[in-house]
Amino acid sequence: MPYRLTVIGTGYLGITHAACMADLGYDVLGLDIDADKINRLRDGELPIHEPGLEPVLRRGLESGRLRFTTSYEEAAAFGDVHFLCLGTPQKAGEFAADVSYLDSAVESLAPHLTRECLIVGKSTVPVGTASRLADKLARLAPVGDEAELAWNPEFLREGFAVQDTMNPDRIVVGVRSEQAEKILREIYQPLGDIPMVVTDFATSELVKTAANAFLATKISFINAMAEVCEAAHADVNQLSKALSYDDRIGGKFLNAGLGFGGGCLPKDIRAFMARAGELGADQALTFLREVDAINLRRRARMVDLARELAGGSFHGCTVGVLGAAFKPNSDDIRDSPALDVAVQIGQQGGLVSVYDPIALDNARKAHPELNYATSAIEAARGAHVVLLLTEWQEFVDLDPEELGSVVATRKIVDGRNALDVPAWRAAGWHYKALGRP
Ligand code: NAD
């Protein structure tokens with residue numbers, strides 16, 4: 001393994017990338033400015049929940065191939081290839097992405113670059129960012145054009161991050177030289193025969209945002225159908241099932257429910273619209289405004305359904321909320337539909353009790369005003385309405401009789417169309433779901 005790698009930014013993406021690259025046999029140095037996170041990682045403790053990642057992290061540490069630092073000087077001296085895995089969140093009060101973390105990482109790294117190296121951006125960025133960062137790198141790196149930039153967007157899914165990193169559908173690289181392409185091909189060669197699309201910077205950046213825009217659109221499409229089904233007394237689950245047999249459509253991302261959230265889709269479609277506006281191509285993406293609006297309307301509809309079941313007002317009403325993470329098998333609560341609904345109900349006077357198998361600590365930090373329970377049963381105890389908002393398997397497997405024995409009234413809204421409806425109705429539950437009669 002000739003190349004020594006650094007991974008700059010050890011969040012959801014960076015930790016996974018660093019640990020998996022070490023597992024492939026590379027010597028890897030992970031860098032973050034969060035010293036507490038780095039100390040935990042050095043101790044083999046994952047600061048995030050990601051199934052299957054902890055053993056990979058531990059193997060890396062034990063083999064000596066994976067180390068962590070907070071020093072840019074050390075990283076610059078160590079790495080032949082530096083992967084940039086910084087966050088690109090939505091700017092406060094705007095749709096645009098905040099790419100300042102990437103700028104700051106390049107500004108910290110570049111002045112220490114005194115030997116040939118490749119810097120590889122993996123973050124999701126507005127098109128044009130790579131080109132701008134390449135100029136910055138050229139200005140700041142003492143080694144000049146011996147420090148080159150490439151863009152290699154990441155498509156991993158939280159909850160399947162290790163699997164997706166070790167066996168990606170495709171690898172996309174935006175490069176400006178054959179040398180950069182050659183290095184990236186060599187680095188990913190141990191993954192096997194993965195389709196690789198080699199392109200320019202702008203196309204590589206756009207592939208990622210286009211993929212997320214498509215996925216968000218598919219989810220909002222079926223949720224728009226759910227709205228129509230509600231008006232027409234039709235069943236969106238059956239509709240979706242019938243559509244899914246058409247292999248031009250396919251069944252993935254076609255489950256109606258509370259919609260998408262998380263640290264990627266919502267902010268990525270907004271940043272895409274903002275960037276298209278700057279480029280004078282805003283008309284091309286006006287449909288994404290609708291995609292976003294449909295998505296947010298599902299949250300409002302969920303609150304309305306819960307209020308209806310509560311008898312028209314949340315005052316004096318206890319609401320048991322199952323789920324805080326934006327999706328199962330993750331502790332990520334960024335833009336979580338579940339927490340958004342819980343907060344709105346709390347603001348409307350409901351006494352909300354939230355339970356999530358993994359995301360409670362994150363939820364508590366972000367929303368200390370809510371009440372948190374230690375189990376699904378505790379969250380539901382005394383509830384007038386129970387809401388299933390994140391489809392953890394543990395919730396899908398709940399026994400309707402057992403849960404029914406602790407609630408004040410057997411009323412449930414299934415925000416993810418995940419429960420076995422006949423079983424819940426047979427146990428005397430008043431069952432409601434989005435998009436179904
Ligand atoms: P994150 O917020 O979890 O991680 C970012 C990390 O960067 C944090 O640990 C932070 O402390 C660190 N950081 C901030 N400033 C720094 C600096 N100057 N130097 C070094 N480290 C610094 O974000 P994430 O979810 O890992 O996402 C990273 C990027 O990857 C984003 O652009 C995101 O859109 C993209 N992405 C994420 C996923 C995902 O599933 N999370 C999937 C694909 C792509």
Side-chain angles (χ1 to χ4, degrees), residues 6-20 29-41 46-51 53 68-76 79 82-91 96-112 119-127 129-130 133 151-165 168-172 204-205 207-209 211-213 215-216 260-272 275 325-327 329-336 362:
T6 80
V7 175
I8 299 176
T10 55
Y12 284 89
L13 165 58
I15 301 174
T16 309
H17 192 66
C20 288
L29 183 62
L31 180 151
D32 206 286
I33 48 170
D34 181 338
D36 178 51
K37 194 176 272 190
I38 288 298
N39 285 333
R40 289 171 69 183
L41 286 167
L46 266 189
I48 56 165
H49 174 82
E50 180 57 47
L53 183 55
F68 292 94
T69 186
T70 54
S71 160
Y72 270 101
E73 208 172 344
E74 185 186 353
H82 304 278
F83 287 98
L84 303 178
C85 299
L86 291 305
T88 48
Q90 187 175 341
K91 278 186 187 166
D98 178 359
V99 293
S100 64
Y101 300 96
L102 277 164
D103 278 278
S104 144
V106 170
E107 284 156 21
S108 304
L109 178 70
H112 300 292
I119 292 99
V120 183
K122 290 193 75 64
S123 304
T124 304
V125 290
V127 58
T129 305
L133 290 176
W151 216 260
N152 167 220
E154 178 58 54
F155 300 93
L156 69 78
R157 298 162 298 167
E158 281 173 30
F160 302 90
V162 174
Q163 182 184 322
D164 288 350
T165 304
D169 301 322
R170 77 301 213 184
I171 295 169
V172 176
S204 70
E205 295 167 309
V207 172
K208 174 63 191 180
T209 29
N212 277 356
L215 296 173
F260 58 82
C264 290
L265 290 194
K267 62 104 174 152
D268 286 348
I269 61 168
R270 291 170 197 156
F272 200 13
R275 185 63 185 136
F326 86 100
K327 69 171 182 180
N329 301 315
S330 175
D331 65 346
D332 197 343
I333 54 141
R334 291 178 285 186
D335 205 345
S336 165
N362 286 343

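Heads up: numbering here begins at 1 and tracks the sequence. Each ligand, and each atom within it, is numbered from 1 in the order the structure gives.
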Under 4.5 Å between any side-chain heavy atoms of Leu265 and Phe326, yes or no? no

Can you tell me the protein heavy atom closest to atom 13 (N) of ligand 1 and the distance? Leu86 CD1, 3.6 Å

Interfacing atoms of ligand 1 (cut-off 4.0 Å, heavy-atom, Lys37): 8 (C), 9 (O)

Consider ligand 1: state whether an atom of it lies below 4.0 angstrom from any non-hydrogen atom of Cys85. yes

Quick one, Ile119 and Leu84 - any side-chain contact, counting heavy atoms below 4.5 Å? yes

of all protein heavy atoms, closest to atom 15 (N) of ligand 1 is Ile33 CD1, 3.4 Å

So the atoms of ligand 1 within less than 4.0 Å of a heavy atom of Thr88 turn out to be 31 (C), 32 (O), 34 (O)

With a cut-off of 4.0 Å, which atoms of ligand 1 are near a heavy atom of Lys208? 43 (C)

For Asp34, is at least one N or O under 3.5 Å away from an N or O on ligand 1? no

Give the minimum heavy-atom separation between Ile269 and Ala213, together with the two atoms involved. CG2-CA, 3.8 Å

Here the atoms of ligand 1 under 4.0 Å from any heavy atom belonging to Leu31 are 20 (C)

Which residue and non-hydrogen atom of the protein lie closest to atom 33 (C) of ligand 1, and at what distance in Å? Lys267 NZ, 3.8 Å

Nearest protein heavy-atom contact for atom 37 (C) of ligand 1: which residue, which atom, what distance? Cys264 SG, 3.6 Å

Considering all heavy atoms of both residues, which atom of Thr88 and which atom of Ala97 are nearest to each other, and what is their separation? O-CB, 4.1 Å

Which bit of Thr10 is near ligand 1, meaning a heavy atom under 4.0 Å away: side chain, backbone, both or neither? backbone

Flag side-chain contact, heavy atom, 4.5 Å: Val172 against Phe155: yes

Tell me whether Arg334 is salt-bridged to Glu158, with the criterion being a basic N under 4.0 Å from an acidic carboxylate O. yes

Those atoms of ligand 1 less than 4.0 Å from some heavy atom in Tyr72: 17 (C), 18 (N), 19 (N), 20 (C)

Among all protein non-hydrogen atoms, which one is nearest to atom 4 (O) of ligand 1, and what is the separation to 0.1 Å? Gly11 CA, 3.2 Å

Please assess Leu31 against Thr6 for the test side chain to side chain contact (heavy atoms under 4.5 Å, CB included), listing each intermediate value before the final yes or no. CA-CA 7 Å; Leu31 180 151; Thr6 80; 5.9 Å; no

Classify the contact between Arg334 and ligand 1 as side chain, backbone, both or neither, using a heavy-atom distance cut-off of under 4.0 Å. side chain

Tell me: protein heavy atom nearest atom 14 (C) of ligand 1, and distance? Tyr101 CD2, 3.8 Å

Within the structure provided, determine whether Lys122 and Val7 are in side-chain contact (heavy-atom separation under 4.5 Å). no

Top protein contact for atom 26 (O) of ligand 1, by heavy-atom distance: Leu13 N, 2.8 Å

Give the residue and atom name of whichever protein heavy atom lies nearest to atom 43 (C) of ligand 1, and the separation in Å to one decimal. Glu154 O, 3.3 Å

Using distance alone, decide if ligand 1 has a nitrogen or oxygen within less than 3.5 Å of any nitrogen or oxygen in Arg157. no

State, yes or no, whether a side-chain contact exists between Leu53 and Ile48 at a heavy-atom distance under 4.5 Å. yes

Considering only heavy atoms from C-beta outward, does the side chain of Tyr72 approach that of Pro111 to under 4.5 Å? no

If you measure from atom 35 (C) of ligand 1 to every heavy atom of Thr124, Asp36, Leu84, which option wins on shortest distance? Thr124

Heavy-atom closest pair (Val99 atom, Pro126 atom, distance to 0.1 Å) is CG1-CD, 3.6 Å

Which heavy atom in Gly263 sits nearest to a heavy atom in Asp332, and how many Å separate them? N-OD2, 4.1 Å

Identify, by atom number and element, the atoms of ligand 1 in contact range of Ser104, meaning under 4.0 Å from any of its heavy atoms. 18 (N)

